[in-house]
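Keep in mind that this is a model prediction, so the values were computed, not measured. Excluded from the calculations below are hydrogen atoms, water molecules and symmetry mates; all remaining heavy atoms, backbone and side chain alike, are included.
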Amino acid sequence: MQFGFIKVCAATPEMRVADVEFNTKKIIEAIKISADNGSQVTVFPELCVCGYTCGDLFGQSALIRACENAVKAICEATAGIKTLVFVGAPIAYGCKLYNCAVAISDGKILGIIPKTNLPNYGEFYEKRNFATPSDDNGQIQYAARGACFGKNIIFSAVNCNNFTVAAEICEDLWASQSPSLSHAQAGANIIVNLSCSDETVGKAEYRRNLVKMQSAKLVCGYVYCDAGDGESSTDMTFAGHNIIAENGVILAESKLFENGLIYSEIDVDSLASERRKMGDSFGEKSGEYAVVGFETFQKEGELTRSFSQTPFVPNEGLSERSELILSIQQKGLEKRLKHTNSKTVLIGVSGGLDSALALLVVCRAFSSLKKDKKDIIAVTMPGFGTTDRTKGNSLKLIEALGATAKTIPISDSVLRHFKDIGHEPDNRNVTYENAQARMRTMVLMDLANDLNGIVLGTGDLSEFALGWATYAGDHISMYGVNCSVPKTLVKHLIRYEAEKLGGRVDKILQSILDTEISPELLPPDKNGDIAQKTEDIVGPYILHDFFLYYILRWGYEPEKLLYIANKTFKGMFDKGTVKKWLKSFYERFFKHQFKRSCIPDGVKVGSVSLSPRGDWRMPSDAIAKVWLDRLK
């Protein structure tokens with residue numbers, strides 16, 4: 001793959017208990033299939049060479065020797081195949097028998113990892129057959145090959161940055177002190193787990209959550225491969241529940257009771273970037289580990305994993321998430337109102353999305369504080385570009401929510417200002433536009449002084465990222481409730497609150513949702529409709545929010561971001577359009593940092609924020625050349 005995506009496979013082939021020859025044949029077949037499909041890591045179940053449920057047959061030397069011969073055959077079959085393969089086998093080391101994962105690539109055994117935690121409760125009695133390993137690595141001759149033996153081994157691709165892998169086995173994941181914790185701290189970005197977990201009621205959900213949260217806790221990719229149909233059903237049934245996860249997200253999952261192979265791609269570059277942000281949490285145990293190099297293949301191929309077009313908007317539980325976000329915004333504002341002992345809140349309501357959301361939030365805060373909503377002073381300030389639709393929606397919404405409406409036209413004041421500074425009104429340049437935004441801010445600020453209030457900012461995260469705000473105009477407020485809410489999420493929050501409130505409020509908010517996004521700083525067209533359309537000027541917010549998320553949250557490089565954006569928006573935007581707006585995003589993001597360096601206080605609601613006091617510290621005169629050159 002490319003751009004740090006490592007293709008992985010969890011393979012549960014057909015097997016028979018103690019039929020080593022049959023199992024070996026099926027394992028080799030699966031290795032070749034996975035390699036043909038571009039898998040760079042292929043993981044098989046625990047003790048897959050002979051079967052986990054052999055019981056006291058593990059005490060038979062004939063079985064142990066057959067397994068060693070099987071591993072030798074698997075090695076020989078992988079000659080020329082540069083997939084990192086993990087198979088499970090019982091291995092005698094010294095005078096003890098161990099339940100092991102054998103790492104194989106290109107005909108070689110790279111290392112053998114014994115299981116650390118042996119379950120000896122319920123239906124499990126592994127200590128009857130297997131030993132617990134020591135803390136120290138050693139050397140072993142096995143299957144006519146020398147290899148490192150021990151639980152502290154990391155496999156590192158010599159020709160692919162950040163492609164580092166370590167293994168644990170079944171119960172190791174379920175134990176309180178999982179080996180994967182040390183593996184991740186030592187630098188393993190991918191953890192594989194060879195498992196034979198029997199199926200009982202409710203266990204699949206628990207297992208899924210365990211894998212998901214382990215990948216999140218360790219900031220790693222996690223490939224969990226489970227035994228399936230073919231293990232003994234004397235006392236247990238096995239469902240082949242395979243799971244591939246990355247940093248708390250399930251990328252792929254098999255259906256229960258279906259043997260087979262599942263694939264996905266783990267983004268090791270993003271994992272490494274995320275770990276670097278976390279500082280000293282990782283890299284502490286590297287000196288205790290043997291690092292074994294291997295060579296991977298670089299095969300071009302399409303990603304099988306998908307990316308949401310709206311990464312800030314959850315695919316599931318949107319109502320619950322919307323309520324949580326609105327509550328965070330509300331509580332942040334409540335604290336500010338209590339601290340400042342403000343009687344009123346001043347808010348400019350334009351009939352657009354952002355001011356509608358901010359007004360909804362302040363209404364929630366006033367209800368919670370049992371304050372009279374009449375002390376919410378919602379001001380409409382029609383100017384040169386205000387349309388009847390937006391002005392009408394503003395007044396209707398204010399009235400329906402029970403706030404106090406004030407209408408203060410600004411056109412005459414702005415014209416007097418133009419005269420004062422010698423600006424011709426027919427010159428509709430940036431001065432023409434920004435003078436209106438600054439006039440509105442001055443009106444709100446002075447009213448706040450008069451009415452013992454604070455001015456509530458309405459600007460959102462997307463606008464701050466693009467610099468789409470007038471410096472010392474709508475850029476300024478006394479508190480910003482939308483400052484970390486991206487534009488693609490604003491609509492969902494409004495829609496949620498509209499459905500919750502219902503009635504007339506719902507209808508008004510639906511009309512606002514259907515209105516073109518615009519700052520309305522230029523006169524309407526001849527039909528009285530909005531002429532200045534934001535997305536025609538700065539680009540589609542659905543693209544910019546996608547760029548914002550993967551640049552700030554995951555540190556994606558320009559080429560990688562362009563690659564996944566083209567894949568994600570195929571059929572919606574052509575490649576030239578995506579590249580054009582990505583270039584524009586970088587240019588605007590760097591150019592307008594000076595505005596973000598002095599944005600007002602505002603509550604953080606998600607994983608991305610541009611507050612200079614919190615998540616984002618960047619010099620205002622940084623140059624975008626490195627990023628723009630990478631796009632050429």
Problem - Phe464 and His475 aromatic ring geometry - parallel, tilted or perpendicular at 30°/60° bounds - result: perpendicular
Any sub-3.5 Å donor-acceptor pair from Ser518's side-chain atoms to Thr534's backbone N or O?
-> no
CG (Leu456) and CZ (Arg336) are apart, to the nearest 0.5 Å, by 10.5 Å
Residues Arg440 and Asp474 bridged, charged N to O under 4.0 Å:
no
(message) For Ser308 and Asn315: C-alpha separation, side-chain torsions, deciding distance, then whether side-chain contact (heavy atoms from CB on, under 4.5 Å) applies.
(response) CA-CA 8 Å; Ser308 170; Asn315 294 324; 4.0 Å; yes
| task | Please state whether the rings of Tyr563 and Phe5 are parallel, tilted or perpendicular, taking 30° and 60° as the class boundaries. | result | tilted
Would Lys595 and Tyr471 count as a cation-pi pair here, with the cationic atom under 6.0 angstrom from the ring centre and within 45° of the axis? no
side-chain contact (heavy atoms from CB on, under 4.5 Å) assessment of Asn247 paired with Tyr222: CA-CA 8 Å; Asn247 198 16; Tyr222 203 102; over 6 Å; no
Under 3.5 Å, is there a donor on one side chain and an acceptor on the other for Ser350 and Ser355? yes
Quiz item: Can any side-chain N or O of Thr441 pair as donor or acceptor with the backbone N or O of Ala437 at less than 3.5 Å?
Solution: yes
Any salt bridge between Lys391 and Asp388, counting N to O under 4.0 Å? no
ask   = Taking atom types as modelled and ignoring hydrogens, do the side chains of Arg389 and Thr515 form a donor-acceptor contact shorter than 3.5 angstrom?
value = yes
Q) Hey, are Thr344 and Asp375 close enough side-chain-wise for a donor-acceptor pair under 3.5 Å? A) no
| request: Please confirm whether Arg428 makes a cation-pi placement over Phe384, using NZ or CZ under 6.0 Å from the six-membered ring centre and within 45° of the ring normal. | output: no
Rounded to the nearest 0.5 Å, the CD1 atom of Ile398 sits from the NZ atom of Lys373 at a distance of 13.5 Å
Name the orientation class of the two ring planes belonging to His423 and Tyr432 (parallel below 30°, tilted from 30 to 60°, perpendicular beyond 60°).
tilted
dist Ser319:OG -> Leu324:CG (nearest 0.5 Å) comes out at 12.5 Å
_What verdict does the side-chain contact (heavy atoms from CB on, under 4.5 Å) test give for Ile476 and Met445, after you've listed the backbone C-alpha separation in whole Å, the side-chain angles of each residue and the deciding distance to 0.1 Å?_
CA-CA 10 Å; Ile476 294 297; Met445 290 289 181; 3.5 Å; yes
Those residues at least two apart in sequence (or on a different chain) that pass side chain to side chain donor-acceptor pair (under 3.5 Å) with Arg275 are Asn189
Do side-chain atoms of Thr390 reach the backbone of Thr386 as a donor and acceptor pair under 3.5 angstrom? no
Is the shortest distance from a Lys or Arg side-chain nitrogen in Glu246 or Arg305 to a carboxylate oxygen in the other one below 4.0 Å?
yes
| Is Arg364 salt-bridged to Glu334, cutoff N-O under 4.0 Å? | no
Would you kindly say whether Glu559 and Gln2 are connected by a side-chain donor-acceptor distance under 3.5 Å? no
Handout entry: Residue pair Ser273 / Ser270, side-chain donor-acceptor N/O under 3.5 Å
Key = no
Short N-O contact, Glu499 and Arg495, less than 4.0 angstrom:
no
Determine, step by step, whether Phe573 and Trp581 satisfy the ring pair (Phe, Tyr, Trp, His ring centres under 6.0 Å) criterion, reporting the C-alpha distance in whole Å, the side-chain angles of both residues, the deciding distance to 0.1 Å, and the verdict. CA-CA 10 Å; Phe573 301 106; Trp581 290 120; 9.2 Å; no
Side chains of Thr458 and Asn482 only: does a donor on one sit below 3.5 Å from an acceptor on the other?
no
### Query
Is there a donor-acceptor contact under 3.5 Å from the side chain of Asn209 to the main chain of Glu205?
yes
- Task: For the pair Asp460 and Glu463, evaluate side-chain contact (heavy atoms from CB on, under 4.5 Å) and give the outcome as yes or no after the intermediate values.
- Result: CA-CA 5 Å; Asp460 64 47; Glu463 293 178 342; 3.4 Å; yes
Worksheet item: Thr404 side chain to Lys374 main-chain N or O, any donor-acceptor pair under 3.5 Å?
Response: yes
Interatomic distance, CD1@Ile266 vs SG@Cys220, rounded to 0.5 Å, equals 8.0 Å
- Residue pair Thr340 / Ser342, side-chain donor-acceptor N/O under 3.5 Å: yes
Lys575 atom NZ, over 12 foreign heavy atoms within 6.0 Å: no
Exercise. So, Ser597 versus Ser620: side-chain donor-acceptor pair below 3.5 Å or not?
Worked result: yes
- Item | Any donor-acceptor N or O pair under 3.5 Å, side chains Tyr496, Glu323 | yes
Acceptor/donor pairs from residues 537-552 side chains to any protein atom, 3.5 angstrom cut, sequence neighbours excluded:
from	atom 1	to	atom 2	distance (Å)
His544	NE2	Val538	O	2.5
Asp545	OD1	Ser462	OG	2.5
Asp545	OD2	Ser462	OG	3.4
Asp545	OD2	Lys487	N	3.4
Asp545	OD2	Thr488	N	2.9
Asp545	OD2	Thr488	OG1	2.6
Tyr549	OH	Trp554	NE1	3.4

Would you say Met213 has more than 12 foreign heavy atoms packed within less than 6.0 Å of its CE? no
Between Leu582 and the options Leu561, Thr577, Asn566, the side chain to side chain contact (heavy atoms under 4.5 Å, CB included) test singles out Leu561
Practice task
Kindly say whether Thr568 contributes a backbone atom to a donor-acceptor pair with the side chain of Gln309 at under 3.5 angstrom?
Solution key: yes
| task | Report yes or no: is the cationic atom of Lys560 (NZ for Lys, CZ for Arg) closer than 6.0 Å to the six-membered ring centre of Tyr556, at no more than 45° off its axis? | result | yes
- request: Look at the side chain of Gln593 and the backbone N and O of Pro619, then say whether any donor-acceptor pair between them is shorter than 3.5 Å.
  value: no
Output for pair (Lys212 NZ, Leu210 CG), nearest 0.5 Å, gives 12.5 Å
